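Written out below as structure tokens is the structure these notes cover.
Counting convention: from 1, in listed order, for ligands and their atoms alike. From a predicted model like this one, the values you see are computed outputs, not experimental measurements.
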Amino acid sequence: MIVTIDGPAGAGKSSAARQLAKRLGFHFLDTGAMYRAVVYTAIERGIDLTDADALEQVAASIDIQLTDDSVLVDGQDVTRAIRTQAITTATRYAADHPGIRARLVELQRAAAEGQDFVTEGRDQGSIVFPNAECKVFLTASERVRAERRYHDLISRGEDLTFDDVLEKQQQRDERDATRPVGALIQADDAVVLVTDGMSAEEVVDRLHDIVMQHR
Ligand code: DC
């Protein structure tokens, strides 16, 4: 069974999808981590992110391993390093690149082959797994999403203001919605879950109910 969870930045997809997968005993795929890993590696190698060919070369050459709670690039643990605000902002160079998207979509489909899977991102229900048995569009109001992300970044030791986070989120929403390939689209057959006012546990409970209704 494939469960797709798509939605905008800060909707709480990653942690909810990870917990849901644990509860169901399914594998979990955080597809945003793959785009982040490509950009992180390119920066580490001193590559100019606007050089589309060089960036595509990085995506084609690296080995990305996603376990249930860590991200490894060529064996190096980058789990925390790919979550900074700087990488979050720069990740658009990979996400906007059609060749890189094609490569990562291929890897995502291969990872899910023959497995029970919870996968989260922007295009999972619409493009990558259009025949998924259960699709969820997880969202929350702009302010709630920015507040969650602000608290998350502060707790990781980053120095920024709420207004910075809100402004960057608005730019990211705009890019996610208008990207020519792999834009954030709500699949016609997705169940919409708005998480304003819900605790993390309540979100997982609701997601679990939705999956059970699609089994
Ligand atoms: O979910 P996230 O914040 O880790 O995603 C990082 C970036 O990657 C985000 O700006 C959108 C992009 N992304 C994408 O284009 N397609 C996906 N399936 C997942 C993420």
Look at [atom] and say which protein heavy atom is nearest, naming residue and atom and giving the distance to 0.1 Å.
{"atom": "atom 7 (C) of ligand 1", "result": "Thr91 CG2, 3.6 Å"}
{"atom": "atom 12 (C) of ligand 1", "result": "Ala95 CB, 3.8 Å"}
{"atom": "atom 19 (C) of ligand 1", "result": "Thr31 OG1, 3.4 Å"}
{"atom": "atom 13 (N) of ligand 1", "result": "Arg122 CG, 3.8 Å"}
{"atom": "atom 5 (O) of ligand 1", "result": "Gly32 CA, 3.6 Å"}
{"atom": "atom 10 (O) of ligand 1", "result": "Arg172 NH1, 3.0 Å"}

Problem - Pairing of Asp188 and Lys135 as salt bridge, 4.0 angstrom limit - result: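 Here Asp188 does not pair with Lys135 in a salt bridge, since their nearest N and O are not under 4.0 Å apart.
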Handout entry: Pair Asp74 + Arg45, salt bridge at N-O below 4.0 Å
Key =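 Yes, Asp74 and Arg45 are salt-bridged.
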Counting from 1, what ligand 1 atoms have a heavy atom of [X] closer than 4.0 Å?
{"X": "Asp123", "value": "17 (C), 18 (N)"}
{"X": "Asp176", "value": "10 (O), 11 (C)"}
{"X": "Arg179", "value": "15 (O)"}

Handout entry: Enclosure of Gln213 CD (heavy-atom neighbours >12, cutoff 6.0 Å)
Key =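 More than 12 within 6.0 Å, yes.
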Flag for [Y]-[X]: side-chain donor and acceptor within less than 3.5 Å:
{"X": "Gln115", "Y": "His27", "answer": "yes"}
{"X": "Thr195", "Y": "Arg148", "answer": "yes"}
{"X": "Ser141", "Y": "Asp196", "answer": "yes"}
{"X": "Glu142", "Y": "Gln170", "answer": "yes"}
{"X": "Gln108", "Y": "Thr31", "answer": "no"}

Practice task
Could you give me the CA-CA distance, side-chain angles and deciding distance for Arg175 and Gln171, then say whether side-chain contact (heavy atoms from CB on, under 4.5 Å) is met?
Solution key: CA-CA 6 Å; Arg175 280 200 197 98; Gln171 291 165 356; 4.3 Å; yes
Going by heavy atoms, is [X] under 4.0 Å from ligand 1?
{"X": "Arg175", "value": "no"}
{"X": "Gln124", "value": "yes"}
{"X": "Gln108", "value": "no"}

Is there a polar contact, in the sense of an N or O pair closer than 3.5 Å, between [X] and ligand 1?
{"X": "Arg101", "answer": "yes"}
{"X": "Lys13", "answer": "no"}
{"X": "Thr88", "answer": "no"}

Practice task
From atom 6 (C) of ligand 1, work out which of Arg36, Gln171, Glu120 has a heavy atom at the shortest distance.
Solution key: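 Nearest option to atom 6 (C) of ligand 1, by heavy atoms: Arg36.
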Problem - Whether Arg145 side chain and Ala140 backbone form a donor-acceptor pair below 3.5 Å - result: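 Present.
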Problem - Mode of Val128 contact toward ligand 1 - side chain, backbone, both, neither (heavy atoms, under 4.0 Å) - result: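 No part of Val128 comes within reach of ligand 1.
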Practice task
Examine the proximity of ligand 1 to Met34 and report which part, side chain or backbone, both or neither, has a heavy atom under 4.0 Å away.
Solution key: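 Within the 4.0 Å criterion, Met34 makes no contact with ligand 1.
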Practice task
Check the pair Leu160 / Leu153 against side-chain contact (heavy atoms from CB on, under 4.5 Å), numbers first and verdict last.
Solution key: CA-CA 8 Å; Leu160 27 70; Leu153 288 167; 4.1 Å; yes
